[in-house]
Amino acid sequence: MKDFWIYLLILAGSTYLIRAIPFAALRKKINNRFVKSFLYYIPYAVLSAMTLPAAFYATGNVISGAVGLVVGGIFAYMGKGLTLVAVVSCAAAFLAECVMMLVK
Amino acid sequence: MKLFLRGLRSGIPIGLGYLSVSFSFGIMAISMGFTWWQAVIISMTTVTSAGQLAALDIMINPGQYAAMLISQLTVNVRYSFMSISLSQKVTEKFTGIKRWLLGFFMTDEIFAVAAAEDEVDPKFFAGLSVIPYIGWALGTLLGALVGNVLPAMVMSALCLAIYGMFLAIVAPVARKSWAVLAVVGIAGALHCVFYFVPWLSENVSSGISISVCAIAAAVLGALLFPVREENGDKEVTK
């Protein structure tokens, strides 16, 4: 039990500091073009690496995962909002799983 | 107040996504022998998916404090880049104390939505953090308490919510910019390599491989398609 609290302190403390220190410390605008470009691209790169290929396996079934992602991708490409795209992806994956159950 | 409310609304899809992701974290924690309140406290103090998952594996063994610290630093180093990136977009109202307080909520998704703004006001960021935080804590609690009640098909479909949200963030920008599309393609392709090459997937944790792929792709992007000097956040458009 004592271990739990020490672990928690390390876990929460390190996670907080790694987020907050750079946020609080950087008060000036960065002018280096390379650094600026890197910082512009990093969020999209992180999201892409988190999505591929994990998203295809998120539902536990590659087919329903792919159906959800393709349908969500179409809505996202049309510029629909975050909630709508998220809901549509889930609904499409759910329907795909229903269809697969019926076909089986 | 208007900004806070707009942030609140932008946080709804993140909160929905978190509800399903932290739900599975709650189930996992219970299955590994943690109590429901331990799972909830971990979620409420840490608010990170990959880091918390890595932490569970370490916490079941006693005394591995150094391993905990090292794993958290590598899994979470991406947050530093996000914080640096967002520090360039905040308004003057984002003073020191607000940065120390709100920096706590710098998750991948909150960052991604905030970064899509032209400039980030502390009120907007605070509003944006509320529902994801509640969703993360509540999902963990529900997962820990009633984990196996929901039909499996509903649960598995909900796991896509978070990725649907990612699509909605990336697609509109990638559609307008070849450079972003290229960076996104490189990061995704690289991460597939980490995933499908057996030696890499066995020896490199997903937290580290995500950081490595994202950094490599962003460095390539910065070298090949540097953003325009006069306007930091608009690069060459299609």
**Asked** Do the side chain of B:Ser80 and the main chain of A:Ile18 share a donor and acceptor less than 3.5 angstrom apart?
**Response** yes

**Complete:** Between B:Leu160 and A:Gly68 the two heavy atoms that sit nearest each other are CD1-CA, 3.7 Å

**Request:** Say whether, by atom type as modelled, one donor and one acceptor occur between the side chain of A:Ser37 and the main chain of B:Val227 under 3.5 angstrom.
**Result:** yes

**Asked** Going through the checks in order, is the side-chain contact (heavy atoms from CB on, under 4.5 Å) test met by A:Phe34 and B:Val219?
**Response** CA-CA 8 Å; A:Phe34 175 79; B:Val219 165; 4.1 Å; yes

**Shortest non-hydrogen separation from A:Ile42 to B:Ala214 and the atoms involved** = CD1-O, 3.7 Å

**Asked** Any chance NZ of A:Lys29 has more than 12 other-residue heavy atoms, nucleotides or ligands included, within less than 6.0 Å?
**Response** yes

**Message:** I'd like to know if the side chain of A:Arg19 reaches the main chain of B:Met106, judged simply by a donor and an acceptor atom lying under 3.5 Å from each other, with no hydrogens or angles considered.
**Reply:** yes

**Prompt:** With a 4.5 angstrom heavy-atom cut-off, which part of B:Leu16 approaches chain A: side chain, backbone, both or neither?
**Reply:** side chain

**Message:** If we define contacts as heavy-atom pairs under 4.5 Å, which of B:Phe166, B:Phe34, B:Tyr65, B:Phe94 has the most with chain A?
**Reply:** B:Tyr65

**Asked** Could you state the interatomic distance from NE2 (B:His191) to CE (A:Met50), rounded to the nearest 0.5 Å?
**Response** 9.5 Å

**Fill in**
When the 4.5 angstrom heavy-atom criterion is applied to A:Met101 and chain B, the contacting part is side chain

**Message:** Heavy-atom pairs under 4.5 Å with chain A - which of B:Phe81, B:Trp100, B:Phe104 has more of them than the others?
**Reply:** B:Trp100

**Request:** Identify which of B:Ala189, B:Ala218, B:Gly221 forms the greatest number of heavy-atom pairs closer than 4.5 Å to chain A.
**Result:** B:Ala218

**Request:** Tell me, out of A:Ser89, A:Ala86, A:Ala55, A:Ala92, who's got the most heavy-atom pairs with chain B below 4.5 Å.
**Result:** A:Ala55

**Prompt:** At a heavy-atom separation under 4.5 Å, does B:Leu190 approach chain A through its side chain, its backbone, both, or neither?
**Reply:** neither

**Side chain / backbone / both / neither for A:Leu84 at chain B, heavy atoms under 4.5 Å** = neither

**Asked** Which atom pair, heavy atoms only, marks the closest approach of A:Ala45 to B:Val183?
**Response** CB-CG1, 3.9 Å

**Request:** Below 4.5 Å from any heavy atom of chain A, which atoms of B:Met59 appear? Answer side chain, backbone, both or neither.
**Result:** both

**Request:** Under 4.5 Å heavy-atom distance to chain A, tell me which part of B:Ile58 shows up: side chain, backbone, both or neither.
**Result:** both

**Message:** In the structure I gave you, are the side-chain heavy atoms of B:Pro172 and A:Tyr77 within less than 4.5 Å of one another anywhere?
**Reply:** no

**Fill in**
OH of A:Tyr57 to OH of B:Tyr195, rounded to nearest 0.5 Å, is 5.5 Å

**Prompt:** If you tally heavy-atom pairs under 4.5 Å against chain A, which of B:Ile97, B:Asp108, B:Leu101, B:Ile84 wins?
**Reply:** B:Ile84

**Under 4.5 Å from a heavy atom of chain A, the part of B:Phe194 involved** = neither

**Asked** Got a second to check how far B:Ile169's CD1 is from A:Ser48's OG, nearest 0.5 Å?
**Response** 12.5 Å

**Request:** Report the C-alpha distance between A:Leu47 and B:Val184 in whole Å, list the side-chain angles of each, state the deciding distance to 0.1 Å, and finish with yes or no for side-chain contact (heavy atoms from CB on, under 4.5 Å).
**Result:** CA-CA 8 Å; A:Leu47 290 182; B:Val184 164; over 6 Å; no

**Message:** Counting heavy-atom pairs closer than 4.5 Å to chain A, which one of B:Met68, B:Glu109, B:Met82 comes out on top?
**Reply:** B:Met68

**Item:** Under 3.5 Å donor-acceptor, B:Tyr163 side chain and A:Gly72 backbone
**Value:** no

**Complete:** Here the gap from B:Asn76 atom CG to A:Tyr16 atom OH, rounded to the nearest 0.5 Å, amounts to 14.5 Å

**Heavy-atom donor-acceptor pair, B:Arg99 side chain to A:Leu26 backbone, under 3.5 Å** = yes

Side-chain atoms of residues 6-13 of chain A: list all donor-acceptor pairs with protein atoms under 3.5 Å, sequence neighbours left out, distances to 0.1 Å.
from	atom 1	to	atom 2	distance (Å)
A:Tyr7	OH	B:Asn61	O	2.6
A:Tyr7	OH	B:Gly63	N	3.3
A:Tyr7	OH	B:Gln64	N	2.7

**Request:** Please step through side-chain contact (heavy atoms from CB on, under 4.5 Å) for the pair B:Leu220 and A:Phe38, ending with a clear verdict.
**Result:** CA-CA 8 Å; B:Leu220 272 176; A:Phe38 175 81; over 6 Å; no

**Message:** Rounded to the nearest 0.5 Å, what separates atom CD in B:Gln72 from atom CG in A:Leu17?
**Reply:** 12.0 Å

**Prompt:** In terms of ring plane angle, is the pair B:Trp37 and A:Trp5 parallel, tilted or perpendicular, where the classes change at 30° and 60°?
**Reply:** parallel

**Prompt:** Can you check side-chain contact (heavy atoms from CB on, under 4.5 Å) on B:Gln88 and A:Val35, steps first, answer last?
**Reply:** CA-CA 11 Å; B:Gln88 301 296 302; A:Val35 177; over 6 Å; no

**Message:** With chain B as the partner, which of A:Ala93, A:Pro53, A:Cys98 has the greatest number of non-hydrogen pairs under 4.5 Å?
**Reply:** A:Pro53

**Asked** With chain B, which of A:Val88, A:Val71, A:Ile21, A:Val46 has the greatest number of heavy-atom pairs at distances under 4.5 Å?
**Response** A:Val46

**Complete:** Under 4.5 Å to a heavy atom of chain B? For A:Lys80 that would be backbone

**Asked** Quick one: CG on B:Leu73 to OG1 on A:Thr15, what's the gap to the nearest 0.5 Å?
**Response** 8.5 Å

**Contact leader toward chain B among A:Ile30, A:Leu95, A:Asn61, where contacts are heavy-atom pairs under 4.5 Å** = A:Ile30

**Message:** Please classify the contact of A:Tyr44 with chain B as side chain, backbone, both or neither, using a heavy-atom distance under 4.5 Å.
**Reply:** both

**Message:** For B:Val113, which atoms come within 4.5 Å of any heavy atom of chain A: side chain, backbone, both, or neither?
**Reply:** side chain

**Message:** I'd like to verify something: which residue of B:Ala115, B:Gly96, B:Gly185 has the highest number of heavy-atom pairs under 4.5 Å with chain A?
**Reply:** B:Gly96

